[in-house]
Amino acid sequence: DGGITQSPKYLFRKEGQNVTLSCEQNLNHDAMYWYRQDPGQGLRLIYYSQIVNDFQKGDIAEGYSVSREKKESFPLTVTSAQKNPTAFYLCASSDGKLAKNIQYFGAGTRLSVL
Amino acid sequence: GQQLNQSPQSMFIQEGEDVSMNCTSSSIFNTWLWYKQEPGEGPVLLIALYKAGELTSNGRLTAQFGITRKDSFLNISASIPSDVGIYFCAGRNAGGTSYGKLTFGQGTILTVHP
């Protein structure tokens, strides 16, 4: 099946701990994105990557880090510097070559603080 | 970061009723997208709009790209219980790069009573 796979579905973080959320896509898309979703708010962009080995900060990058070593993978690390990490995290990808490119989403990871 | 104003925030309707929701922006957009999100899942694309004035249907769903390029509308006709979910609009700024950075509305929560 072609698509975007996020893992784990649920994740718990202890105080002072870094945690990494996985995002893998087999759509051969160039661009990948990470969003944070809080109740009553729209999706807010954390980081995005247009191409391998390159990524840019989004609107709420503080306390997060990413890497893009492979086209298929765009992991997100929630660092201890992120003081309010509890949220639903969504990964998306798009074919950056097309002017009408659409973002397709994974099923999300729900992160909670212990 | 920039946000879209999506309304209404929530709707409680009876099965069989029609639904209307809209998004407005202070900026001109060259793309409008409408997504639906079910609990615990990622958003799924419903309709994509690329030209001012464009009217596009997908089954019982109809969306329009406003003439001013600053708004978009989504209508659902003859609602059914499986229409329940959160509906998001998303827009891409005119003059944006082709990688497709999107701005999302806050979402409309739709509840359908049988």
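None of the values given here were measured: they were computed from a predicted structure.
Comparing B:Ala90, B:Pro43, B:Gly107 by how many heavy-atom pairs each has under 4.5 Å with chain A, the most go to B:Pro43.
When hydrophobic clusters are built by joining Ile, Leu, Val, Met, Phe, Trp and Tyr residues whose side-chain heavy atoms come closer than 4.5 Å, directly or via intermediates, A:Leu90 is grouped together with B:Tyr35. Cluster membership check: B:Ile86 does not share its hydrophobic cluster with B:Phe73, using side-chain heavy-atom separations under 4.5 Å among Ile, Leu, Val, Met, Phe, Trp and Tyr. Criterion: ILVMFWY side-chain heavy atoms under 4.5 Å apart, direct or through other members. Under it, B:Leu102 and A:Leu43 are part of a common hydrophobic cluster. A single hydrophobic cluster is seen to contain both A:Tyr104 and A:Tyr33, as judged by linkage of ILVMFWY side chains at heavy-atom distances under 4.5 Å, directly or through other members.
Contact annotation for B:Gln9: neither backbone nor side-chain heavy atoms come within less than 4.5 Å of a heavy atom of chain A. For a residue to count as touching a neighbouring chain, one of its non-hydrogen atoms must lie under 4.5 Å from one of that chain's; by this rule A:Gln37 touches chain B with the side chain only.
Annotation for B:Ile80: atom CD1 counts as buried by contact number, over 12 foreign heavy atoms lying within 6.0 Å.
Considering every non-hydrogen atom in both B:Gln37 and A:Phe88, the closest pair reads NE2-CE2, 3.7 Å. Nearest approach of B:Gly40 to A:Lys9, heavy atoms of both residues: O-NZ, 2.5 Å.
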